[in-house]
2 protein chains.
Amino acid sequence: MPRSVDVARLAGVSQKTVSRVFNDEPYVSADVRRRVLDAAEQLGYRLNNAARALASGRTRSIGVIALGTALYGPASLLLGIERAARDTGYALHVVSTAEGDPAGVAGAVSSLLDQGVDGIVVSEPIDDGPVPVKVDVPVLVLGAPPAFAAPRVLTASVNAHDMARVATEHLLDLGHATVHHVAGPQRWFAAKDRLDGWRAALAARDAAEPPVFEGDWSAGSGYEAGRQLPADATAVFAANDDMAIGLIRALTEAGRKVPEDVSVVGFDDVPVAAYVTPPLTTVRQPFDSVAREGLALLVHAIEQPGQALPVTDGQQVDLIVRASTAPPPA
Amino acid sequence: MPRSVDVARLAGVSQKTVSRVFNDEPYVSADVRRRVLDAAEQLGYRLNNAARALASGRTRSIGVIALGTALYGPASLLLGIERAARDTGYALHVVSTAEGDPAGVAGAVSSLLDQGVDGIVVSEPIDDGPVPVKVDVPVLVLGAPPAFAAPRVLTASVNAHDMARVATEHLLDLGHATVHHVAGPQRWFAAKDRLDGWRAALAARDAAEPPVFEGDWSAGSGYEAGRQLPADATAVFAANDDMAIGLIRALTEAGRKVPEDVSVVGFDDVPVAAYVTPPLTTVRQPFDSVAREGLALLVHAIEQPGQALPVTDGQQVDLIVRASTAPPPA
DNA sequence: GTGAAAGCGCTAACAC
DNA sequence: GTGTTAGCGCTTTCAC
């Protein structure tokens, strides 16, 4: 592998000048810059990242702790983070944690620190208690209040609370006396937020708050919820689309028509939501913009430590009305 | 940040001995090992990866080129790769490419090489023509024949051909005269394999081969296929579950009952497959085992270059029969 | 605008 | 079993 000295020799300049060119530093004449780039091209030179990291103390990479699940939400968020990271010029290290993993987030953080990342993103965190690792880089927690003790913890989140409120209000607006809720696992902050938003919407309208069914995000748990849904229920807000689909399946089997007898709203807008029977009313999560905002914060914290963080504004809520919701039966 | 010399000083040994302990090298007495680990613990010492990489010439990391989509298949594969990489002790760098991205795979490879990975995994490749980058590390292509020119290219794949064949045979076995196919985009090797398997199954039974509808993996394209499905068709094999779901939606709207009038088989076994109406017959992809086998090959190629590669055996096919398939109408 | 020297924190090769 | 000596290929600092 060619080194920067080789390029320097061929271009007839010092090694430091090669370094200047490859780091886009000022004070290099256009002529020299050209000669260096030509020489590099000719030799097939690439900057050695390990050497650069060792000398500079920074790796220009960030680590993501993802959930080990192909669920639409977490997978979309991960992709959003990758795109956003690429745009900021940072490389991305990914580690996943399974739910209930004993090593868990602490182990994941530790392995990322071993890899020498400049910052860490915790995607879709679960409330697993405090994280007992000393972290000396900024941490961005996506979708939850600061859940662990590090010197610099940042947060960005989809406004799940408002999204859930809007979904619930949509059903109340249609004339339903109240709205039932099939919640996600309450150890997930994302699930808690949705439940809170639903609760807030009911309270604001003085609607009775029916008991909550807590699912596990799977269509199977939604199905189970559907089998247990009280006979007088006319509207349900499910905390994700998969559970909504399972719920509808159970209702269909029981001879209860959606939306004539029972209206259902989901959450996520998964790609098939428009094509299930009936097409699902749902709210779409703005994964990309959350990832982008969050990473901007993180990069800022990495590159301008100590400085105040830029403020970001919340996203608008995207309610997508399809055929699974209607006024209650007469 | 403490360095290994600091640990050495505290433990009363040489710096090299600290290195030995942290690399699990032999020839360190149990007593010395303990002292070193205690000292490291006390100082909060972590091995510096950049220095290690610079000195050893290896980063112990591999890069993945993932597709920029939250589709169930690609997302599952990515997670499988992450788990497998973790098990082998390699860190994972992820880059995604959007379909039709001009920089494309070449740009992704280049950025991973800049990051200094020891090997590269190309997940779910698309036939985008040759990749014009000089690659000097082993490359594992998951799910396709060697599509690019690098000194060491390996392949591992789900046996999509056989899986498609089994799916098609299931329908023929039920008595259908032939089976229609809603294919995936043919630039994807994965889509091509499924089409070939379907074609092979028909040929083996001397069944007529109806024209193929080429979708784009989305439920919407499956819906479109459903609208165009000939009136005499009684069985369809869709190249993924989302398209199958869209297809069923279109048939339902047209008053054609599934499975009474038309049988449908999907591909993937997405989590909601069992809960759509009707529950979908499909084949499950063994993402985890493919990722595991592939990474074993890659790590072998990294660590024992030149040696023959271990042979891996294909996976069995997992046909999951649910309610979307039945004998043809009388 | 450009260059020389020092050193980032490890591993490799070899001596003891 | 353990220690010594050289780098790995850059960035940093400072001189010109």
Side-chain angles (χ1 to χ4, degrees), chain A residues 1-37 39-40 43-61 89 91 113-118 136-137 302-303, chain B residues 1-37 39-40 43-61 89 91 113-118 136-137 302-303:
Chain A
M1 290 268 85
R3 315 189 305 300
S4 59
V5 268
D6 302 324
V7 176
R9 195 150 32 223
L10 183 59
V13 298
S14 77
Q15 184 269 334
K16 172 68 224 190
T17 297
V18 175
S19 169
R20 284 207 177 87
V21 171
F22 275 85
N23 286 292
D24 277 325
E25 284 173 30
Y27 304 125
V28 181
S29 69
D31 170 50
V32 168
R33 166 167 268 118
R34 258 262 57 78
R35 289 213 320 271
V36 168
L37 289 175
L43 295 174
Y45 171 74
R46 277 175 197 284
L47 232 162
N48 179 321
N49 226 294
R52 194 230 274 264
L54 179 56
S56 69
R58 293 192 24 213
T59 58
R60 296 168 195 238
S61 71
L113 292 176
D114 282 343
Q115 293 170 43
V117 297
D118 291 340
D136 45 4
V137 298
I302 291 171
E303 298 182 351
Chain B
M1 289 269 87
R3 313 188 310 299
S4 60
V5 268
D6 302 326
V7 176
R9 197 153 27 226
L10 184 58
V13 298
S14 77
Q15 185 269 334
K16 172 69 222 189
T17 297
V18 175
S19 170
R20 286 209 176 85
V21 170
F22 275 85
N23 286 292
D24 277 326
E25 284 173 28
Y27 305 125
V28 181
S29 69
D31 170 49
V32 168
R33 165 166 268 116
R34 259 264 57 77
R35 289 214 320 269
V36 168
L37 290 175
L43 296 172
Y45 169 74
R46 279 176 196 283
L47 233 163
N48 179 321
N49 227 294
R52 193 230 276 264
L54 179 56
S56 68
R58 293 191 25 214
T59 58
R60 295 166 196 241
S61 71
L113 291 177
D114 281 343
Q115 293 170 42
V117 298
D118 291 339
D136 46 4
V137 299
I302 291 170
E303 299 181 352

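To find a chain, count down the sequence lines: A is the first, B the second, and so on, and within it residues start at 1. Computed from a predicted structure; not experimentally measured.
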Met1(A) atom CE is separated from dC10(D) atom P, nearest whole Å, by 11 Å

Please determine, for the side chain of Ala55(A), which listed nucleotide (dC10(D), dT2(C), dT2(D)) has the closest atom? dC10(D)

Which whole-number value in Å describes the distance from Arg58(B) CZ to dC8(D) C1'? 15 Å

Gap between atoms CD and C1', on Glu25(A) and dT13(D) respectively (whole Å): 12 Å

If only side-chain N and O atoms count, and only distance matters, is there a donor-acceptor pair under 3.5 Å linking Asn49(A) with Arg60(A)? no

Determine: side-chain N/O of Asn23(B) to OP1/OP2 of dT11(C), distance under 4.0 Å, yes or no. yes

Taking OP1 and OP2 of dC10(C), is either one under 4.0 Å from a side-chain nitrogen or oxygen of Arg52(B)? no

Looking at Ser4(A), I'd like to know whether one of its side-chain N or O atoms comes within less than 4.0 Å of OP1 or OP2 on dG9(D). no

State which of dT2(D), dT11(D), dA12(C) makes the closest approach to the side chain of Thr17(B). dT2(D)

Measuring from the side chain of Val28(B) (C-beta onward, heavy atoms only), which nucleotide among dG3(C), dT2(D), dC8(C) has the closest atom? dT2(D)

Spacing of Asn49(B) atom CG relative to dC8(D) atom P, expressed in whole Å: 20 Å

Distance criterion of 3.5 Å, no angle test: do you see the side chain of Arg20(B) paired donor-to-acceptor with the base of dG3(D)? yes

Of all heavy-atom pairs linking Asn48(B) and Leu54(A), the shortest is ND2-CD1, 4.3 Å

Establish, with yes or no, whether the OP1 or OP2 oxygen of dG3(D) is under 4.0 angstrom from a side-chain nitrogen or oxygen of Ser14(B). yes

Whole-Å gap separating C1' (dT2(C)) and CZ (Phe22(A)): 17 Å

Distance, rounded to the nearest Å, where Leu54(B) contributes CG and dG7(C) contributes P: 17 Å

Tell me whether the OP1 or OP2 atom of dC10(D) has a side-chain N or O from Ser19(A) closer than 4.0 Å. no

Figure out the OH/C1' separation between Tyr27(B) and dA13(C), and round it to whole Å. 15 Å

Contact summary for Ala53(B) and Ala50(A), nearest pair of heavy atoms: CB-CB, 3.6 Å

Atom CZ of Arg33(B) and atom C1' of dT2(D): how far apart are they, to the nearest Å? 13 Å

Of Asn48(B) and Lys16(B), whose nearest nucleotide on DNA chain C comes first from the 5' end? Asn48(B)

Treating Arg35(A) as the side-chain partner and Ala11(A) as the backbone partner, does any N or O pair qualify as donor plus acceptor under 3.5 Å? yes

When you check the phosphate oxygens OP1 and OP2 of dC10(C), does a side-chain N or O of Tyr45(B) lie under 4.0 Å from one of them? yes

Heavy-atom nearest pair, Gly116(B) first then Ser61(B), reads O-OG, 4.3 Å

What is the nucleic acid contact for Val32(B), judged by heavy atoms within less than 4.0 Å: base, sugar-phosphate only, or nothing? sugar-phosphate

Are Ser29(A) and dT2(C) close enough that a side-chain N or O sits under 4.0 Å from OP1 or OP2? yes

Trace of the salt bridge (Lys or Arg N to Asp or Glu O under 4.0 Å) decision for Asp6(A) with Arg3(A): CA-CA 5 Å; Asp6(A) 302 324; Arg3(A) 315 189 305 300; 3.4 Å; yes

